[in-house]
Amino acid sequence: MLKAVFGVVALVLASAALAERVDNFVLLDHTGDAHELHYYSDRDAVVLMVQGNGCPVVRNALPDLRAVREQFSDANVEFLMINSNLQDHRVSIAAEAEEWGIDLPILDDDSQLIGESLGLTRTAEVFVIDTDDWSVAYRGPINDRLSYERQKKEASKHYVADALNAVLAGEEPSITSEGAIGCLINFPGEKEREAHRTISYSDTIAPMLEDNCVACHQEGGIGPWAMSSYEMVRGFAPMIREVVRTKRMPPWHADPHVGDWQNDAGLTVEERQTLIHWIEAGAPRGEGDDPLKMFVADANIWPLGEPDLIVELPSYDIPASGVVDYQFPSVKNPLDEDVWVRAMTVVPGRTEVVHHVLVGATAAGQAPNESEGVFDNYLGGYAPGTGYTKMPEGTGVYLPADSHFMFQLHYTPFGKDVSDTTKVGLYFHDEPPGNFLRHGVVLNPTIRIPPGAKRHEQAAYYQFEKDAHLHTILPHSHYRGRSSSFVLRHPDGTEEMLLNVPNYDFNWQRGYDFAEPKFVPAGSKLIHSTVYDNSVQNPANPDPEKLVTWGLQSWDEMLYGDFVFTWVDETSDQPIHSNERADAFQTIGFLDRDMDGTVQLEELSDRMRQRMAPIFQAADHNKDGLSAEEYIAFRMVMRMNRPQRNASSGGE
Ligand code: HEC
């Protein structure tokens, strides 16, 4: 009797020091996929096992974990693993998973912050998390089969299975924790909790916020609150902890393990650790000045200086709420000579409502033609936080006289009626810069995203017919975009991932500028893929019951991968680019589902097959599928044979 009472007391004491609830987090797994804990709110429980490379206890427990998964395969339970080891990284974790046949996502806790907050000490510990309130229903070994250097043939106590049964039955498990048995994890941060109180706000935290956050979080900025003093930061400290743990802020969404970006706006692992440790230590003020109080915003709306040409867009009245259709205004280019654009700044009239702006120009003498004209002579874009576009060294966008500026404007109401007049400032080269900066798109207008699908992938590619350099890539989808990537498939078939955006966020349309121009050998395919989440678990989803197809509005979807490039053999006095050919390569890139370079009729949807069958008949000369060259030749013939348009046939 007495013993039992002591047992209870000991248990209460032990668990007091441990996490009782698991705060939300986002971590990338060993394959580069993002996992948000709270995304699994439609599950009844989440089982999270602490993994560590080379730990015999973990390896030995794997068959038992598999058995529990099997036992609960009909139940609504999510199984995950987490690795908080200092010494393990994405590649070595992936190798361990491969070698030991682990087919669960292993979340890479690269900053150790999540492991610290769970109070981990050893690997092989298993958490049973009740998704009703994210409480820890059980933590400890999976069962009593294993102890150090010996193991029983069979377990007699099945802690995790019992806890799961209890949670599924809406009951409290009879055993809520057991001492973990596994390999010790080195948490240097944990041992220095006291030292975190001495992290200097003045010398370390404020400068970090100034460098990474204040561009948006200042008076009149697009951030909802201004980081204008220590008091503000302290007040928002728990919220900062949350948005950093869930990778919402700063809004930079590239997987840090893939690619090097000139405009990298992410926090490093060390910066995240320092910021969170400081907050968890109580956000102490310490000694010294308050740099955030002394911060003076740059009042100059033209960060690159007075532009050579300022173009004012038409004004729009934006209602307090509702959805505003995309706007496609155009403005006649007032210049009477051709110029080369070297940089551009977009200045929204009201930063609160301007979601994004794309800017382009038509060819000489061409009338504006709604949306697509934006991409003929694409100049660049604006999204909150991206101040200006500078063309890469030695390049420029050629802007002919007698053209029209084209814009695509996306407004999002914010609760007040306002009027917006956006301005664009252009900067010109004095001399032709050497090369044309070109723009292309990988797209797929045939996408169909089934209702309720959690992970629906669509892809397309663009094949480069000549050597090129890529400068910027930009994945674009709408509210259902979950993740996106760009992969370069070399002519020899080897693939290289250029960009991985594991937790895509429609709110942040931004280009990723390569630190060094990326060489693309002729014949390479730039493959763009997006995974869509059309389920109720996607909080941004406007309608999970809808079959979603291509459309400009944000409740429709897009597979749209922008890329900015130069042809290696092009010069400003000897253009070699052809929009016509680019169009054909773009079309083949979404029709050719198996990406082997030619389109077979079987690859097309029924509707497309009907439409394309006559073209195939006429164009596919060697009957081995339609290639881009055949398609180009066919279109040329069609154009030559087309009767001259006149006013009476204009209604088509
Ligand atoms: C490019 C602009 C931008 C940058 C840089 C930026 N933020 Fe934000 N931040 C926003 C916007 C816009 C919102 C509100 C909408 C959203 O959450 O996306 C926001 C929201 C937040 C919120 C949530 C406020 C709330 O109550 O919902 C916090 C906290 C925050 N930011 C902290 C930070 C921190 C810390 C940094 C730097 C490490 C940072 N932000 C960098 C634009 C930015």
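Order of appearance sets the numbers: ligands from 1, and atoms from 1 within every ligand. Treat the numbers as computed from the prediction; the structure is a model and nothing was measured.
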Sidechain N-carboxylate O distance under 4.0 Å for R193, E116: yes
Using a 4.0 Å cutoff against the non-hydrogen atoms of N212, which atoms of ligand 1 qualify? 5 (C), 37 (C), 41 (C)
What atoms of ligand 1 come closer than 4.0 angstrom to any heavy atom of P250? 38 (C), 41 (C)
I need the atoms of ligand 1 closer than 4.0 Å to a non-hydrogen atom of C216, numbered in the order shown. 1 (C), 2 (C), 3 (C), 4 (C), 5 (C), 42 (C), 43 (C)
Answer whether the closest heavy-atom distance between the side chains of V233 and W278 falls below 4.5 Å. yes
Ligand 1 versus E242: contacting region, heavy-atom distance under 4.0 Å: neither
Applying a strict 4.0 Å limit to heavy atoms, is P224 in contact with ligand 1? yes
Tell me whether R234 forms a cation-pi arrangement with Y201, defined as NZ or CZ under 6.0 Å from the six-membered ring centre and within 45 degrees of its axis. no
Among the N, O or S atoms of H217, which one sits nearest to atom 8 (Fe) of ligand 1? NE2
Would M208 count as a contact of ligand 1 if the rule is a heavy atom under 4.0 Å away? no
May I ask you to check if ligand 1 and R510 share an N or O to N or O distance below 3.5 Å? no
Do N85 and D88 have side-chain N/O donor and acceptor atoms under 3.5 Å apart? yes
Considering only heavy atoms, which of W252, W508, F236 lies nearest to atom 42 (C) of ligand 1? W508
Name the one of N538, D42, D533 that satisfies side-chain hydrogen bond (donor to acceptor under 3.5 Å, both in side chains) with K454? D42
Heavy-atom side-chain contact between M81 and I93 under 4.5 Å: no
Is T566 close to L437 at the side-chain level, that is, under 4.5 Å between some pair of heavy atoms? yes
Positive for side-chain contact (heavy atoms from CB on, under 4.5 Å) with P475, one of S485, S484, S529: S484
Counting only heavy atoms, tell me which of M239, M249, M227 gets closest to atom 30 (C) of ligand 1. M249
Which is it for P251 and ligand 1 at heavy atoms under 4.0 Å: side chain, backbone, both or neither? side chain
